[in-house]
Amino acid sequence: MSRISKNKYDNFKADRSKFPQMENGKAIIDLDSHKFTKLWQGPQHPGVTGNMAVELTISGDEIVQAKTHVGYLHRGFEKLLERRKYIQCFTIVCRICVPEPDTNEYCYSTAVEELAGIEIPEKAKWIRTLNMEMSRLASFLMWLGGQAGSLGMGAIGQWTVGMRDFWLDLFEEMTGGRIYHMYMIPGGVRKDLPEGFIMRAKHLVVETRKLLFDIEKSFFNNAIIKSRLKCLGIITPEMVDEYGIVGPNARASGKEYDVRMNNPYLKYPELDIKMITSMGGDAFTRAEVRYQEIHQTLDLISQILDKIPEKGEIQAKIPNVVNWKIPTGETYVKAESTRGEHGFYVVSDGTKYPRRVYNRGASYTQAISVLEKLAVNTSISDLAGLMVSLHTCPPEIER
Amino acid sequence: MEQILNRLKQKIEIKSVINKRADLYFITIKKEHIELVLSHLKQQENFTHLAFLQAVDYIEDDKFQLTYMLYNYDIKVNLGIKVFIDRDKSEMTSIHKLWPHAWQYQRELKELFGIDFPGSPRVDESFVLEGWEEIPPMRRDFDTLAYSVKTFYQRPGRTTNDPKRYMKEKLYKNFAKSPESGRNDE
Amino acid sequence: MNKKDINNIEKEMKLANEGLSEKERTLFSDARPTPVKPLNKYLEKFLNWARAESLWILAFGTGCGAIELRPLMTSRFDMFRYGIAPRPTPRQASVFVIGGYASIKTIKRIVRSYEQMQGPKFVIALGSCTINGGMYYDSYYTINRIDHYIPVDIYVAGCMPRPEALIAGFNKLKMQIKAGKCDGMNKYAENFDWYKENQKRVIKDWNMPDYNW
Amino acid sequence: MNITTKILYAIISVLVATAYGLTLGGIVRKIYARVHGRYGPPVWQPFIDILQTHGKRVSISHGYMFYLGPVFRLAGGLGTYLFIPVIFGSVVFSNFSMAGDLLLVMYFIFFGQLGMALGAGEGGHPYSPIGISRGLAQMSTFEVPFALSVIALAIQYNTLNITTIVAAQQGSILNWTLFTNPLAVVAAMISLLGMNMHSPFSIVLAPQEIPIGPPIEMNSSFLATLQTNRGLFGAAKLVLFMNLYFGGAAHPNIFIALAIMVVKTFLIYMFSVFVGAAFPRFRPEQSMRFFLKWPTIIGIASIILVAYF
Amino acid sequence: MSLKDIISPFNVWKRAAQKPWTIKDPLNDRPGADNYRGFHKNDFDKCVGCGTCEDICQNAAIDLVPVQTVETDMSDSGLRPKIDYGRCCWCALCVDVCPTGSLTMSNDYTWVTDDPEEYRFIPGADKMKWDDCEKGYKRAENFQLIDFDRIKMNELGVEERSSSFIEMVKGYSKEQAIEEAERCLECGICVARCPAHMDIPEYIKAIREDDIELAVQILYKTNPFSASCGRICTHHCEDVCSLAHNGEPIAIRWLKRYILDQVSPEEISKILKDIIQTNNKKIAIIGAGPGGLSAAYYLRLLGYEIEIFESNEKGGGMLRYGIPEYRLPYDQLDKDIDYIVSLGVKINYNTKISEEAKFNEIYNSHDALFISPGLWNSIPVNITGEELPNVISGIDLLNKVTNKEEIDLGSKVAVIGGGNSAMDAARTAKRLGADVEIYYRRRIEDMPADVEEIEEAQDENVKFFPQTTPLEIKKDGSGLKFIWGNNKMIYEEGKRPKPVLIKGETFETNLDTFIIAIGQNADLSFLPTEIRDNIETKWGKVVVNELGQTSVEKVFSGGDASNSKADAVSAIADGHKAAVGIDRYLNK
């Protein structure tokens with residue numbers, strides 16, 4: 001793992017004595033002076049992650065100010081959830097994060113179960129764990145493609161998204177859905193694993209490993225990738241606390257925070273899992289941490305496939321969902337998504353409808369506060385790469 | 001955790017403590033104490049991670065509940081701090097000095113709930129909404145379906161039937177048309 | 001017809017470009033769009049074939065639909081072999097794929113991007129959300145039916161439609177183009193006022209030119 | 001030979017070259033696709049694309065210069081091509097080769113870019129000036145090793161006429177510049193990477209950050225013109241490289257000669273494809289630094305080698 | 001920048017030599033997964049149009065619309081879901097929640113069109129290309145979103161109950177009742193099926209919200225005999241309950257009972273707050289059975305003065321004299337009757353109208369009449385030996401038990417018949433200490449009695465001899481000797497299977513008492529001839545119009561005497577209808 005020396009940090013900081021001039025900690029940007037240009041990246045822009053926009057003020061090739069604009073995907077989820085019965089909500093929460101819907105399903109279902117005092121059966125827990133890890137894998141593969149694509153290396157993206165599609169096939173078999181699985185439902189899961197699923201999954205784990213080694217050779221051992229990602233967007237350990245950074249972004253800066261190990265849930269305590277951290281905090285370290293986490297996830301999937309019980313109930317007994325009332329209370333359930341701590345805060349008031357469902361998207365601060373800070377002084381060429389390296393997911397920011 | 005709460009209790013009054021899970025606590029405190037409590041928790045007790053700051057609308061009590069969710073990396077416990085503020089003059093102290101990213105939550109709350117945080121950076125800029133003219137949409141008195149029907153006109157031509165009423169209409173219409181019952185309903 | 005009438009007509013043909021400041025108004029066209037007649041029959045048929053076989057889609061992931069565009073353009077489904085390719089700028093694109101729900105903030109950009117596209121241009125709407133609001137029918141921030149704001153040629157059912165369904169959508173679009181049925185551009189020009197009125201009803205913050213061809 | 005025949009031949013030659021260039025583009029797309037693990041578009045897809053863009057009913061313009069941009073670009077491509085003898089010894093494909101045409105060709109390579117810069121700048125979109133500045137800067141840098149390599153050739157063969165250079169390489173494969181002056185070839189081939197604008201030097205047209213760069217506002221026929229030029233210019237570049245470094249295409253039978261040309265140019269092109277598929281793109285300043293470092297040194301070394309040994 | 005880092009990336013070219021991953025023909029090569037959630041299918045034979053899918057759909061994508069090919073009947077609303085694919089999100093909640101399991105999904109997923117209006121269709125009615133698609137999403141066996149299992153009610157053990165007349169079921173506790181009420185899907189199909197059209201979903205909802213007062217008010221809107229009905233109703237509503245198709249129906253009857261169990265008679269009047277305004281019109285009612293009393297109740301509420309003539313010494317009719325106490329304790333019946341009487345209804349007990357003059361007097365002095373004499377004449381079996389003393393009718397037995405008369409049945413008793421009264425007679429005989437056998441012409445599953453009654457009788461050790469016909473009864477000492485013939489069933493399309501005697505196959509049994517319970521007749525002899533001649537009858541029942549009016553304008557009729565269902569709730573419904581009819585007739 002690369003460890004950036006203190007000196008290198010200092011070198012990275014650009015000389016800002018000339019422009020823009022600072023006043024009370026704020027940059028004076030006079031557009032009419034023609035020293036600066038306003039530039040919008042997004043929302044219609046192939047380089048931004050999803051549908052969001054970054055308003056840049058640039059001077060030459062250097063970004064002097066960045067402002068994130070979100071809301072292009074705002075659907076008012078939290079308002080809609082207030083109008084829906086507890087069981088109806090589960091279909092809609094997965095839409096909050098498109099590449100990785102299962103974390104939402106898990107968090108929401110668990111929160112409801114916790115409020116209603118339901119304990120789900122063992123087998124359902126195993127299946128959920130498997131589902132969560134598979135969704136992490138799918139999301140990571142997509143991210144890997146995105147990271148390579150943002151730097152102009154299309155091949156990696158083509159491979160990983162293709163491989164992700166094979167995993168989606170497995171999802172389809174398991175859940176009946178391709179993108180939106182709507183599988184983990186308050187009370188358990190909707191269907192048992194189909195026949196032969198475990199064999200196929202094991203086979204695919206091997207295939208994915210093979211692909212990953214190819215990727216390691218061509219992506220992580222690539223001179224140009226290294227030259228572009230190293231020293232890009234360094235997150236210092238202090239920033240992690242200040243900005244509420246979680247997930248691989250925080251772990252790449254040495255913060256030992258992984259919900260699966262810090263506050264274990266589902267079957268994670270029974271699995272052999274080690275925290276992956278690194279120092280350095282730049283984009284390349286983050287990529288490496290994620291790469292190791294993909295391997296970790298594959299490892300976990302193999303473990304789960306070995307341990308999953310063959311028979312068992314998949315659903316706890318729940319009352320008729322049409323008239324399901326949840327006792328008053330509130331809870332916060334979190335899980336580790338690919339982007340970090342993903343949580344649901346559910347408040348119930350004893351009726352059929354939730355009082356409030358709040359979703360803490362893992363990339364909420366990472367895409368706005370952190371990106372705005374890190375983008376300054378980088379080249380516009382690097383913005384796309386930086387944005388992907390923070391792994392932002394706009395739909396979970398604006399919800 | 002007990003000790004932490006005890007130490008906190010020496011400083012201020014805690015209205016209620018709920019132990020939801022081994023790793024999840026909720027406490028309710030007074031509005032005035034929020035800055036004191038948060039800085040104490042952050043600096044002395046190592047609750048360094050602000051997971052979120054959100055509001056719940058209790059319209060029938062005329063209150064907003066603000067929840068600050070903190071996390072302690074050492075003891076691995078989430079602590080939710082609940083504060084109730086008035087719904088009419090909804091205003092709260094900004095905590096962006098403790099956590100720089102808090103401005104983001106505060107800006108969102110200002111826009112979606114109409115809770116003001118004086119002094120918070122960019123709090124008046126629009127966050128997700130653009131050109132919004134109604135009351136803040138996350139308030140419970142805002143009816144989203146009515147607004148949607150009014151603004152986005154749905155595709156016409158849909159009708160539905162209630163089986164109960166429809167069968168009445170079809171099967172025992174005559175009896176149904178008679179007075180619902182002989183009883184006076186006053 | 002006297003001169004006064006002609007002046008009036010000219011005035012009517014011009015757009016107000018509401019929302020723009022005086023200074024900015026001069027930067028944008030204020031001429032109303034006009035329908036363009038197809039060329040000579042055989043030539044048009046030939047061009048329609050070319051248009052159908054080379055569909056350039058605008059890389060604007062407006063909703064969840066964007067997620068299925070990714071597999072579509074990568075190794076598993078490989079849309080390139082059908083002559084479909086993404087294009088980063090609206091000026092060069094000919095197909096607009098509306099990927100599901102459109103929030104008000106996005107519909108503003110959709111309208112603008114659509115107008116920036118050069119005709120003939122085609123729109124494929126994905127998923128329930130574009131047809132009748134889908135699962136966000138009661139949301140205060142997403143529109144219910146996209147055909148009120150821009151003309152749509154093909155709808156694909158699903159939530160999300162799978163890449164295969166999308167390919168089927170493209171195939172249908174190709175057939176329609178070859179049959180000369182996809183005339184969204186002229187439809188937009190002919191019903192320009194109606195579209196503008198609908199757009200302005202939902203986009204409250206109208207700070208863009210009315211016409212941005 | 002009268003001028004009419006000459007022009008007729010030139011037209012045939014241009015058409016063949018354009019068609020070849022576009023087909024080559026289609027083939028390369030297919031090759032990239034195989035690397036990606038897919039089949040890729042049909043080989044003739046570029047032709048349909050051109051038809052489609054030409055077939056647009058409306059087209060927005062941003063002023064006179066905007067019209068001139070693509071025209072200049074095409075003129076650049078034509079100019080480059082028309083002064084390169086494609087097939088050594090062929091009448092039809094000799095174009096307007098003359099003494100000193102190498103200089104002219106190098107000028108035209110630059111000319112197209114400059115004209116494009118003027119036209120695209122008129123578009124008013126902030127991304128086009130950014131793309132242009134990058135493009136021009138990058139171009140200036142990859143021209144350095146190329147120019148050095150050409151100078152080395154000029155010294156080596158004592159001429160600035162391409163036909164003469166090709167003639168000097170006939171006879172044996174060992175007469176090719178590739179073997180007689182390998183350093184110059186290395187420098188030139190590296191600058192070809194930049195010229196072809198594949199990764200890692202594709203930052204000018206990078207869709208991920210400055211969507212498509214200079215031609216961002218180009219539409220309809222403007223774009224079609226640019227695409228046509230891409231075919232022609234691409235072929236011209238490859239033919240030039242073939243002539244200068246790989247012995248040109250020479251055979252009494254015109255078809256065999258054409259086949260030789262096809263094979264050689266394809267292989268030359270494959271070089272940049274080979275590199276392009278394996279690498280992401282450089283940042284602009286990185287690519288500039290790159291060109292000014294090793295290729296330039298190699299280029300100078302080649303000159304020294306030729307001049308003094 | 002190491003050399004390795006420059007050379008290693010060329011590894012990407014390895015892939016170029018491998019076979020591409022691309023699916024050659026994605027449109028045909030790739031059907032959805034076996035349980036893919038594709039487009040909807042609906043099996044019209046199973047669907048009952050309950051509308052649960054509409055309720056659960058969070059997108060409001062489903063409408064219930066009438067379909068031409070489906071008739072509305074008592075168990076089928078005739079409506080079918082119409083799905084708007086401009087709303088659907090393919091979550092399959094509707095499939096999971098469908099109580100009949102008619103709604104499923106195919107694994108087809110491609111539907112492309114240029115006309116968005118097409119995306120609204122009725123699965124099952126509109127022909128779709130995926131209708132024959134076998135694969136697709138179906139609800140898993142071990143997964144359910146609605147509760148198919150009824151909450152068990154505590155009941156007495158078999159030993160305990162077969163030896164006494166104590167009520168055998170205990171009733172729901174509050175928790176049980178709410179839990180049971182939560183199972184309700186509020187589809188409302190039961191309302192049509194209930195003869196009284198009680199608003200079942202509403203009172204179940206009231207139970208769920210623990211609002212007993214509201215529940216009582218809803219009950220009394222259509223049924224003043226809820227305490228009794230909550231115990232002995234034939235609950236046809238439960239047969240059509242949408243949950244009954246794949247599980248146990250809601251215990252509607254028990255829930256009704258639960259409501260009335262929660263309130264004392266005094267509380268009922270407090271809750272109902274019935275105010276009577278008299279309108280000086282007088283109505284006579286003959287027979288204080290459920291029909292007569294409910295007519296009295298509703299007419300009284302409309303302000304009429306009511307006079308009831310009852311031949312027995314207590315009211316309730318068949319409820320009291322035809323149903324054994326272990327099923328309906330008398331105090332519960334009294335609770336219902338007392339409330340009606342408390343509203344100022346006058347009942348003349350022990351007043352049998354046997355002379356014409358008496359009837360004519362009543363006929364002339366009242367504005368309208370309602371007759372519900374009930375069915376008191378037992379239908380004979382028509383075999384030799386029927387007149388022997390040890391042959392009695394079921395109704396007589398029950399009557400005697402109610403009147404606490406001494407009965408000696410002997411040790412071995414046979415009951416003939418398969419209806420509820422046969423079961424009642426058999427189980428009563430059992431409680432009187434006899435060994436009981438039930439003989440019936442058809443099979444057990446053809447018996448008209450409630451399944452629970454049959455099961456309970458079997459639990460209580462009553463032996464069943466189906467497919468038997470009595471041929472002859474002989475006297476054999478103090479007991480009887482029987483000759484039975486065996487039957488075989490003959491099936492005809494669309495008809496009930498018909499029993500046909502097998503020639504030569506007979507057997508004999510010895511019995512002490514033989515109870516005939518194959519049906520009863522009305523005794524209309526109290527009517528004066530001119531009226532009796534004018535009143536149209538059919539199969540021995542008085543023919544009435546929809547509102548209970550007979551062919552004699554002033555005379556309304558109801559109860560077992562006029563309807564063919566012959567159960568309490570139909571009688572109550574008749575009473576209610578007639579009340580409405582009389583009110584209309586008098587205010588014409």
Side-chain angles (χ1 to χ4, degrees), chain A residues 80 83-85 87-92 94-95 153 155-156 158-159 162-163 165-166 169-178 180 182 185 187-192 194 211 213-227 312-315 317-325, chain E residues 1-16 20-23 30 32-38 52 55-59 89-93 95-97 105 107 109 136-149 179 181-186 204-205 208 243:
Chain A
L80 299 186
R83 298 190 63 247
R84 278 156 172 76
K85 289 178 183 165
I87 198 72
Q88 293 175 328
C89 294
F90 104 100
T91 64
I92 195 170
C94 52
R95 265 90 175 162
M153 194 171 177
I156 308 285
Q158 297 273 352
W159 299 349
M163 183 49 86
D165 217 79
F166 289 111
D169 285 356
L170 279 188
F171 265 123
E172 201 182 308
E173 269 180 42
M174 179 182 184
T175 66
R178 206 180 116 86
Y180 297 129
M182 301 184 277
I185 195 163
V189 295
R190 290 174 96 170
K191 234 181 183 116
D192 211 335
L211 180 80
F213 287 120
D214 280 351
I215 289 172
E216 182 170 1
K217 279 182 194 152
S218 44
F219 182 77
F220 288 94
N221 286 332
N222 192 321
I224 299 182
I225 295 277
K226 283 187 180 169
S227 77
E313 286 291 305
I314 53 163
Q315 190 201 22
K317 189 165 167 49
I318 52 169
N320 177 8
V321 292
V322 181
N323 301 318
W324 197 7
K325 282 184 192 163
Chain E
M1 203 190 273
S2 70
L3 194 62
K4 187 188 157 213
D5 285 352
I6 295 173
I7 295 181
S8 159
F10 288 106
N11 199 52
V12 294
W13 283 92
K14 213 172 82 183
R15 170 85 35 202
W21 284 341
T22 314
I23 304 161
R30 290 233 325 156
D34 285 358
N35 70 332
Y36 187 73
R37 295 190 301 262
T52 314
D55 286 350
I56 200 76
C57 184
Q58 58 106 1
N59 308 321
C89 72
W90 285 269
C91 62
L93 264 184
V95 175
D96 282 349
V97 91
M105 280 171 155
N107 65 347
Y109 51 80
Y137 185 82
K138 281 157 200 81
R139 183 173 66 84
E141 281 293 301
N142 48 356
F143 172 77
Q144 56 195 36
L145 290 181
I146 42 181
D147 202 348
F148 282 118
D149 304 324
E179 209 175 323
E182 274 182 356
R183 294 176 56 218
C184 178
L185 298 170
E186 292 181 45
I204 291 183
K205 189 175 170 198
R208 209 160 51 225
L243 283 172

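Here is the naming used below: chain letters follow the sequence lines, and residue numbers restart at 1 for every chain. Since we're looking at a predicted model, the values are computed, not measured.
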inquiry  = Looking only at heavy atoms and a cut-off of under 4.5 Å, which of A:M153, A:R95, A:K217 has the most pairs with chain E?
reply    = A:K217

request  = Name the member of A:I318, A:I314, A:I225 that forms the most heavy-atom pairs with chain E at distances under 4.5 Å.
outcome  = A:I314

inquiry  = E:Y137 vs E:D34, test: side-chain hydrogen bond (donor to acceptor under 3.5 Å, both in side chains). Steps then yes/no.
reply    = CA-CA 7 Å; E:Y137 185 82; E:D34 285 358; over 6 Å; no

query = Can you tell which of A:R83, A:K85, A:M163 has the highest number of heavy-atom pairs within less than 4.5 Å of chain E?
reply = A:M163

key: Top of A:E313, A:K317, A:M174 for chain E proximity - count of heavy-atom pairs under 4.5 angstrom   = A:K317

message = Taking side chain as everything from C-beta outward and backbone as N, CA, C, O, which of these in A:Y180 sits under 4.5 Å from a heavy atom of chain E? Side chain, backbone, both or neither.
response = backbone

ask   = Pick from E:T52, E:D96, E:V97, E:D55: which one has the most heavy-atom pairs with chain A under 4.5 Å?
value = E:D96

remark   = Between A:K325 and E:R208 the two heavy atoms that sit nearest each other are NZ-O, 4.4 Å

remark   = Smallest heavy-atom separation, A:S218 atom then A:W159 atom, equals OG-CZ3, 4.0 Å

task = Counting only heavy atoms closer than 4.5 Å, note whether A:F166 contacts chain E via side chain, backbone, both or neither.
result = side chain

ask   = Is chain A contacted by the side chain of E:N107, its backbone, both, or neither, given a heavy-atom distance below 4.5 Å?
value = neither

message = So that I know where these two stand, are E:Y109 and E:W90 an aromatic pair - ring centroids less than 6.0 Å apart?
response = no

remark   = Interatomic distance, NZ@A:K191 vs OG1@A:T175, rounded to 0.5 Å, equals 10.5 Å

key: Pairwise distance NZ(E:K4) to CD1(E:I7) - rounded to 0.5 angstrom   = 11.0 Å

query = E:E179 versus chain A, heavy atoms under 4.5 Å apart: side chain, backbone, both or neither?
reply = neither

ask   = When rounded to the nearest 0.5 angstrom, what distance separates CG in A:N222 from CG in E:N11?
value = 11.0 Å

ask   = Closest approach of A:K226 and E:D5, non-hydrogen atoms and distance?
value = NZ-OD2, 3.0 Å

request  = Under 4.5 Å, counting heavy-atom pairs only, tell me which of A:E172, A:Q88, A:R190 racks up the most with chain E.
outcome  = A:R190

query = Okay, side chain of A:R84, backbone of E:Q58: is any donor-acceptor separation there less than 3.5 Å?
reply = yes

remark   = Under 4.5 Å to a heavy atom of chain A? For E:K14 that would be side chain

key: Contacting moiety of E:N35, where chain A heavy atoms sit under 4.5 Å   = both

Proximity breakdown for A:I87 and chain E, heavy-atom pairs closer than 4.5 Å = both

ask   = In terms of heavy-atom pairs under 4.5 Å with chain E, which of A:I92, A:D192, A:D169 leads?
value = A:D169

